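Note that the structure is a prediction, hence the values are computed from the model and not measured.
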Protein chains: 2
Amino acid sequence: MSVGIRHDDLRRRNRAMVISAVRRAGQPSRTEIAATTGLSHSTISAISADLIQEGILAESKASEPTALKRGRPQIGLALNPEAAAVLTVVLSLNFLSVAVIDYAGQVVSEEQHRLDTLVMPRDELIGECMAIVRRRLQDPDLDVGSVARIAMGIQGITDTHSRAMLWSPITPLTDIPFADLLEKEFGIPATTENDCNMMAVALQWRDPERYRDDFIAILLSHGIGMGLVLKGALFTGTHSSGGEFGHMIHRPGGALCRCGRRGCVEAYAGNYAIWRSAMGISEDATPTDVGDADMRALAAKARQQDGPEREAYRRAGEALGFSLGSLFALIDPAPVAMVGVSAAAFDLIEPALREAIAQTAGGQHSESISFDTEPNELPLIREGCAMRALTFVDQEIFAPGGQARAGKHVE
Amino acid sequence: MSVGIRHDDLRRRNRAMVISAVRRAGQPSRTEIAATTGLSHSTISAISADLIQEGILAESKASEPTALKRGRPQIGLALNPEAAAVLTVVLSLNFLSVAVIDYAGQVVSEEQHRLDTLVMPRDELIGECMAIVRRRLQDPDLDVGSVARIAMGIQGITDTHSRAMLWSPITPLTDIPFADLLEKEFGIPATTENDCNMMAVALQWRDPERYRDDFIAILLSHGIGMGLVLKGALFTGTHSSGGEFGHMIHRPGGALCRCGRRGCVEAYAGNYAIWRSAMGISEDATPTDVGDADMRALAAKARQQDGPEREAYRRAGEALGFSLGSLFALIDPAPVAMVGVSAAAFDLIEPALREAIAQTAGGQHSESISFDTEPNELPLIREGCAMRALTFVDQEIFAPGGQARAGKHVE
DNA sequence: AGGCTTTTTTTCGAGCCTCAAAAAAATATT
DNA sequence: AATATTTTTTTGAGGCTCGAAAAAAAGCCT
């Protein structure tokens with residue numbers, strides 16, 4: 001049952017709120033923080049004095065060219081980059097990348113690595129992940145505060161508590177508890193996050209104007225994934241990362257999907273599905289991975305002339321449109337960001353998509369639904385992981401105490 | 001942006017928590033409240049003294065046959081039935097019902113009324129609603145505390161803020177701001193709620209064991225509706241009541257739905273759709289309303305022998321199964337309550353439903369998905385409205401102050 | 001019956017937290 | 001140099017929750 005508010009929670013929450021206001025605003029003055037949080041100046045003054053004394057915030061000496069105004073000039077408060085650091089791990093098809101990020105959000109160090117995820121045995125895959133993290137952690141250049149959190153973004157389904165990868169299209173392996181493995185190996189709290197969810201988190205930070213309370217990030221790549229933000233919060237399943245938009249049923253008993261089932265959206269709109277359709281291969285054929293370059297070539301050909309290639313994109317658009325319509329029937333329409341290599345071919349997809357969505361209950365105002373595209377998902381996933389980890393540090397380490405009161409931060 | 005916690009919010013929230021604990025538990029002692037809320041005994045003592053003094057709670061003199069225990073006996077705290085009252089209005093196809101309910105949740109007075117919703121002009125429909133409410137409010141037997149809240153449950157789509165009915169299958173009229181009309185007429189704060197959402201709320205109170213954090217209530221009637229509770233909270237769309245499960249697309253371009261579109265789940269599983277299919281009427285035929293008695297007869301016939309009737313239910317099950325599978329792909333599987341006249345025929349629907357759902361990503365563990373049935377939706381809707389209104393009184397009237405601090409309750 | 005034990009509830013003082021108002025600080029304007 | 005303006009800090013008051021201790025209200029035991 002929901003629990004009462006203890007007296008100590010008050011300061012904790014307001015501390016977290018101040019930190020969050022600074023992270024969001026960049027260099028707000030105390031007065032600005034008071035305005036956005038609704039707390040009094042004295043409270044903000046007290047809390048920020050604490051945070052500065054603890055080395056979490058710092059007064060920004062950086063002489064911003066503030067407009068000349070009468071009165072005492074505002075002093076900007078900024079996150080102290082050295083207060084902590086976080087580490088992101090992004091594991092996607094045949095690709096592993098790691099970055100160390102300081103408390104202010106700047107990349108300090110990074111490393112990337114190609115590997116054959118599809119065929120690697122379990123121990124080797126885990127070993128590679130651990131090894132690349134270890135190398136980054138032992139980097140002598142790394143003099144930023146100790147790494148306080150690891151966020152791993154994985155293409156695939158994770159559990160609600162962000163502990164494990166349950167299933168992934170990039171490997172036949174299942175149920176790898178990456179978070180536990182990382183914590184055990186490095187003694188640093190870690191989470192395992194779904195890639196599309198991290199895309200959504202990143203978009204929220206990148207463009208809070210457009211992606212604020214309700215929006216959808218859809219990954220158009222080998223598979224079809226979705227990250228969903230509703231009422232300002234990331235939407236996840238009750239047991240898993242959820243939002244498996246790609247496996248909503250478009251046509252019962254239809255085309256063969258990579259997941260082994262039939263008729264999923266992905267079986268019409270995933271890279272392999274578009275390819276299969278364009279090449280005139282049977283819908284029952286086992287999906288094969290198609291390189292990004294091949295997909296770009298396919299899109300170019302589809303643009304050049306009408307033919308099976310263009311028809312393949314049309315069918316993908318139709319599948320996406322009807323399924324988005326079904327989704328919108330549940331949650332109401334929201335802005336959409338199309339991410340991934342096939343988002344670069346969205347011009348080929350959009351007409352059929354809009355035509356389909358207009359035939360659904362969720363697409364009632366289909367012309368007002370806006371789409372944005374972003375061809376490269378990896379930077380988004382990393383940014384999302386970074387923000388996930390950083391906000392964890394903000395809330396759980398620098399404003400600790402929730403239920404199990406953690407050790408106090410000592411200066 | 002999220003707002004800081006003021007000092008006065010603390011007491012307010014804990015007050016609300018105590019009230020909520022009492023409503024949930026029935027007659028908890030102070031000690032029990034302290035345990036469930038996590039607050040200290042002294043705090044509970046102080047808050048409950050206030051609440052008793054204000055006439056919101058009362059010590060239950062009712063000599064419960066508590067097991068003989070050593071020590072000072074616990075004093076049960078109960079809601080004071082006379083602290084306030086709420087009024088529920090349920091408007092469904094050709095039927096209007098109103099009830100007055102005391103603060104403890106007991107029905108004090110009620111009235112029901114048949115009317116032709118499908119053909120009534122706007123003014124008349126609104127007039128009937130206002131008249132029946134006025135009669136109940138003026139009932140001389142009504143000596144319970146003044147009515148503090150009205151909750152109206154309507155079959156159809158409402159807006160997020162529960163102010164208006166946007167669209168409904170029971171009338172060609174649209175955009176009726178019932179909440180505003182009621183408030184203006186009677187000066188009592190009111191809301192307009194979606195019927196299926198209220199069903200879900202009621203189930204949560206009726207059987208909190210089974211329907212706690214994640215579950216689905218599906219109305220199988222003329223149309224197909226859904227109320228969805230995720231992570232303990234009612235799920236609504238971003239602009240409307242949302243959860244229009246009945247208008248997810250089952251077969252793109254398929255059977256004609258009552259909403260004018262094609263291929264919706266409802267066009268296969270709504271009463272009219274089952275009837276149409278059983279009678280061998282074309283899928284393109286305009287939907288007609290079918291009486292409950294006819295539906296019961298149809299189900300009986302389907303049970304009796306294999307034939308087009310049984311096949312119609314099978315097709316309904318298939319549509320429901322694939323769509324539930326798509327839904328579960330998004331939110332993960334959860335317990336389902338089937339409500340409404342066709343829920344009584346769930347035995348005819350279930351086999352095909354399970355077969356279909358097993359073919360979807362969301363139905364991975366389809367055998368573990370459990371269904372419960374409840375043929376009568378009206379009592380559920382009324383209960384849901386009652387609890388909705390009562391918890392509003394709990395939180396907004398008896399623990400006021402959120403942002404715009406309301407006048408304090410004076411004894 | 002009367003004292004003892006057990007459990008619940010209330011009382012009381014301490015420690016925090018937030019807030020409003022006043023004071024201090026820092027700069028532009030006159 | 002004095003004044004005006006705006007931001008930040010200081011200070012005292014009031015409220016809230018908590019822990020400990022006291023009070024209350026029973027059953028238990030001799």
* Asked: Is there a donor-acceptor contact under 3.5 Å from the side chain of B:Asp394 to the main chain of B:Ile19?
  -> no
* To do: Mark yes when over 12 heavy atoms from residues, nucleotides or ligands other than A:Lys231 sit less than 6.0 Å from its NZ; otherwise mark no.
  => yes
* So, B:Asp207 side chain and B:Tyr211 main chain: donor-acceptor pair closer than 3.5 Å or not? -> no
* Asked: For the pair made of CZ in A:Arg30 and P in D:dT6, what is the distance, rounded to whole Å?
  -> 19 Å
* Out of C:dT9, D:dT17, C:dC17, whichever nucleotide has its closest atom nearest the side chain of A:Arg11 -> C:dC17
* **Spatial distance of atom OG1 (A:Thr238) from atom CG (B:Asp213) [nearest 0.5 Å]** => 9.5 Å
* Within this structure, what is the CE-to-P distance between A:Met17 and C:dC17, rounded to whole angstrom? -> 16 Å
* Could you tell me whether B:Ser42 contacts a base, only the sugar-phosphate backbone, or nothing, with contacts defined as non-hydrogen atoms closer than 4.0 Å? => base
* Asked: Between B:Thr43 and D:dC18, does any side-chain N or O lie under 4.0 Å from OP1 or OP2?
  -> yes
* Taking N and O atoms by type only, does the side chain of B:His41 place a donor or acceptor under 3.5 Å from a partner on the base of D:dG19? -> no
* Distance below 4.0 Å between A:Asn14 side-chain N/O and C:dC17 OP1 or OP2 -> no
* Asked: When the distance from CD1 of B:Ile44 to P of C:dT7 is rounded to whole Å, what number comes out?
  -> 20 Å
* Asked: Rounded to the Å, how far apart are A:Asp9 CG and C:dG15 C1'?
  -> 16 Å
* Would you mind building the protein contact string for nucleotides 21-30 of chain D? One character per nucleotide, 5' to 3', B for base within reach (heavy atoms under 4.0 Å), S for sugar-phosphate only, - for untouched. => ---BBBBS--
* Nearest whole angstrom, please: distance from the C1' of D:dG14 to the CG of B:Leu10. => 14 Å
* To the nearest Å, how far apart are A:Glu59 CD and C:dA26 C1'? -> 13 Å
* Asked: Taking C-beta and beyond as the side chain, do A:Glu183 and A:Pro189 meet within less than 4.5 Å on heavy atoms?
  -> yes
* Asked: Among all residues two or more places apart in sequence or in another chain, which pass the side-chain hydrogen bond (donor to acceptor under 3.5 Å, both in side chains) test with A:Arg382?
  -> A:Glu110
* For the pair A:Ser29 (side chain) and A:Glu32 (backbone), establish whether a donor and an acceptor sit closer than 3.5 Å, ignoring hydrogens and angles. => yes
* Structure fact -> A:Asp8 CG to D:dC18 P, in whole Å, measures 8 Å
* Structure fact -> When A:Thr31 and A:Ile5 are each assigned the nearest nucleotide of DNA chain D, the 5'-most assignment goes to A:Thr31
* Let me know, please, whether A:Ala46 or B:His7 comes out on the 5' side of the other along DNA chain D by nearest nucleotide. => A:Ala46
* Let me know the distance between CD1 of B:Ile47 and C1' of D:dG15, rounded to the nearest Å. => 13 Å
